[in-house]
Every structure is written in C-alpha cells, then in structure tokens.
Amino acid sequence: MMSRADNSPRFVYIAAAISALGGMLFGYDTGVISGAILFIQQDFALSPTLEEVVVSSVVFGAMLGAVAGGTLTDRFGRRIILVLTAALFALGAVGTALAPTITWLIIGRVIVGIAIGVASFTAPLYISEISPVTMRGRFVSFNQIALTSGIVIAYLVDYALSGMRGWRWMFGLAAVPSALLGIGMVFMPESPRWLVSRGMVDKGRSVLQRIRGTAAVDDEVQDIRRSSAQQSGNWVELSSPLLRPAMIVGIGLALFQQVTGINTVIYYAPTIFQSAGIESASVAILATTGVGVINVLMTVVALLLLDRVGRRPLLLTGLAGMVISLAVLGTAFLFPHLRVLKWFAAGSLMLYVGSFAVGLGPVFWLLISEIYPVKIRGLAMSIATVANWGANLLVALTFLTLVQVLGRPGTFWLYGLLSIGAWIFAYVLAPETKGRSLEDIEAHWRAAKHPREMGKK
Ligand code: BGC
C-alpha cells in the first residue's frame, strides 16, 4: 500500500552524503586517538591512568551527547541540530589541536565526544526520514560506510603524520569535514517528517515535493499526518506497552552490538596481531589497515543487499559468521607455539570484522532509525544510542582485564557466546522493515503485533 514510485532520489543522494559526514567524523574521531595517544603520552608525560582518561573522554562525551541530543532533535528539528553538532566538532578539533595543557585537551575530547554522541544517531535519523521507502536501507547504511571509511582515514593520517609526531594535526584535520557538514546542512531542508509531525504541513509537503521530484506527495503527507496525530510525543508514550517491543529491540541490539567485542578489534587490532605472532609493528599496523578496509568493503556489500534480501537475513548471517570466527580465533590462541596460528588468527579476525560489517554494524543503526514513531524518534533513538555507548565503554574498560583473567581463548569465546545470545535475540525479536514505510512500521506497533510478524505481509 505504501510503495510509491521513487521518482528522483538524486537530491536524497546529496543530502545523505552531506549528513553522512557526521558518520565520517564519528569514525575519524574515534579512530584517530590510537596513533595520537603515543605522542600525547610522551609530550605530557602521562601516567597510565591519565592516558586512559584521555582515551575514554570521547566515549564519556558521546554518552552525554546521546542523552541530550534526543529531546533536542525532537524539539528543534534534525537539521539545526546537525548544524550545531558540526560547530561542536569544529570547536573540538581546533581546541584539541591547540591544547596547551592536558586538562584543556581532555575537555576538548569531551566536546568532540558530545558531537559524536549526537551525530551517531541524528545522521541516520535524518537520512531515514528523507529516504524513499525502497532505498532507505541503502541510504541509511551509507552513513556506516562513511563511519568505517573515517576509521581507515584516521589510521592512514596517523601513519602519515607519525614521522613528524603530528598529533595536533591529527586532531585538527577533523575541522575540514566538520566545516563541510555545517555549511552543507545549512543548505539542506529540514526533515519533511519532522515538519509535518510538528504541524508545519505545507512546509513539509514542499520539501517532500522537492526531494521526491514530483508534486504527487499527498498520500505520503497524509500518512505522516495520520500517524503523528495518534502520538502524544512524550515519555509516557515511550514507556507504553505498545512500544515496549520496539524499545527492547533497540536497546537489546545496542548492547549486543558492543558486547560481542567489535571495538576490541577496532581499538586493539595491532596488539592482537602481535600477540598472535606477527612480530613486526609495521606489519601489524598494515594488517590493521587491512581490517579497516574489509570493514568498509563488507559494509558496501551490506548496502547493496539490505533493500533486496532484507535486514534480518543479513543480521542473522553476519552474526553466525561472528560466532564461527570468534570460536576459531579463541581456539587459535590455545596453541601459541604453532606457526600457522598467526594465519588463523589473522584470517578469523578478518572474517569476524567482515561478518560484523555485513550485519550488526549497519543493521543496528538502520533499525533504530526506522522502528520508532516520528514524534519521539529522536528521544527513543537516543536511548538506544546511550546504551550502545555505555556498553562500548564497558568493553573498552574490561577487555585487558578479561584477557588477564580468562586468557585470550576465554575472552574471545566469551564474545562468541555473547554472539550466540545476539543471534537468538535477533532471530526472536528483530523486525523486517524492508519495503515498509516508516508510518506502516508505527501502525504495526499500534496494532500490538509481534516484531517478527512485520516482515510477513
Ligand atoms: C559501531 C561502532 C564501531 C563501528 C565499527 C559501528 O556500527 O557502533 O562502535 O566502532 O561500527 O565499524
């Protein structure tokens, strides 16, 4: 009933590309620290505790940003919040680049973190609300491609600037995409769904006409009006039994996306490679860049498939790949003296990242941008995002201790077990949103149907 002709998504390409700069900054600013910290540690003679504070200040800031950002995007609109976030990114980039003291640097990294926290969900939210139904998966996961590319660019910039100990430049360069995001978003329209849901129907209609390239958007406007008329848009609604399944799906996937260990690989890959017997630091760093590239390429595969095969098959296949690769990785570490170990370790690490990139990586951010009602979409997404960043912090703080207590085999098996849990969770609860309009998805919850029935027409 909802699938309309998608006349001219060209404008959506531009808008998605600009807002995905938010995703790129998310990836760049989280990845860049791995190289920068080596020099910061020396220049400021940091104690190990202070070093940890510098590294985790971004994640702390991201949690703050995610907490505050939800209500703000619902109240003031998606676009203006993205413009302000770009300003914060730029302020953080310049501030950290110029930092005369360590306190200044930490405050700068918290500011960058706040921007990341807001951008991590507002960029997919904005893209989801402007995309045509049949291409929404593709457009939203474009943000994940920007994110994973941002991580690789950060690795390369770190590599290129390490000869001159250029940590200030490593941070400062982020000002360029920040400026592009801010200036670009000034020229982009507000989300038509947000406009209509806030009673600005005529404005919303004209934006829709512009981005769909046709005057015939009345059906879509009517759908949005009907659906937002049934919502109060406050906390009570968020905790209502009808929305409970959607909240459980979002928060559950947020936690599983992190506790299955992805960022131990993203943040510690060189260490893992070295402990598997790849001794040369430069080969380990090269292998890490390889991991980053696989992350990007497999996200491209996901992008091409999400609107064809659907969200669930990719999620479940990716999770199965994660279970297998973590089992192999853990087992490889049982035999530290075998020379083949390093190839098993490297191969299974690549399979693990590739499996994440084809499933849980993009699908989590995509689903939370689709499954909540328009009036509280920002708030609900921000709650899932806070859970995601909280779990990220937990894993970062416990990984090295876990390795000491359980050993490497035990640690990777633990992530493997949690991936089995994630597979079961996704199998039972993940909805199939392919080909459904956002209004259709809201109607599904109001009819008190089980999430899994969503894919069944
Ligand atoms: C996750 C990040 C992770 C990245 C890796 C994202 O979907 O939320 O925590 O670093 O994927 O590609």
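Ligands are counted one by one from 1 in listed order, and the atoms in each one are counted from 1 as well. Index from 1, following the sequence. Note that the coordinates shown come from a computational prediction; the quantities given were computed from them, not determined experimentally. As a basis for the values below, the full set of heavy atoms in this structure was taken, side chains included, without hydrogen atoms, waters or symmetry mates.
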Student: Do the ring centers of F273 and W343 come within less than 6.0 Å of each other?
Tutor: no
Student: Of the listed options (V395, V152, V265, N263), which comes nearest to atom 3 (C) of ligand 1 when hydrogens are ignored and any heavy atom counts?
Tutor: N263
Student: For atom 1 (C) of ligand 1, what's the nearest protein heavy-atom neighbour? Residue, atom name and distance, please.
Tutor: Q257 OE1, 3.5 Å
Student: Suppose we screen for ring pair (Phe, Tyr, Trp, His ring centres under 6.0 Å). Which residues come up paired with F256, at least two apart in sequence or across chains?
Tutor: F425
Student: Below 3.5 angstrom, do we get any N/O pair linking T148 and ligand 1?
Tutor: no
Student: What are the atoms of ligand 1, with element, lying closer than 4.0 Å to any heavy atom of Q144?
Tutor: 6 (C), 7 (O), 11 (O), 12 (O)
Student: Is F364 close enough to touch ligand 1? Criterion: a residue heavy atom under 4.0 Å from a ligand atom.
Tutor: no
Student: Ignoring hydrogens and angles, state whether a donor on the side chain of W167 or D158 is under 3.5 Å from an acceptor on the partner side chain.
Tutor: no
Student: Are the side chain of R78 and the backbone N or O of T73 linked by a donor-acceptor pair below 3.5 Å?
Tutor: yes
Student: Just to verify, what does Y28 make a ring pair (Phe, Tyr, Trp, His ring centres under 6.0 Å) with, not counting sequence neighbours?
Tutor: none
Student: If you count the atoms of ligand 1 from 1 in the order shown, which ones are under 4.0 Å from a heavy atom of N295?
Tutor: 5 (C), 12 (O)
Student: What part of T30 sits under 4.0 Å from ligand 1 if we count only heavy atoms: the side chain, the backbone, both or neither?
Tutor: neither
Student: Are R312 and Y427 in a cation-pi contact, defined as NZ or CZ under 6.0 Å from the six-membered ring centre and within 45° of the axis?
Tutor: yes
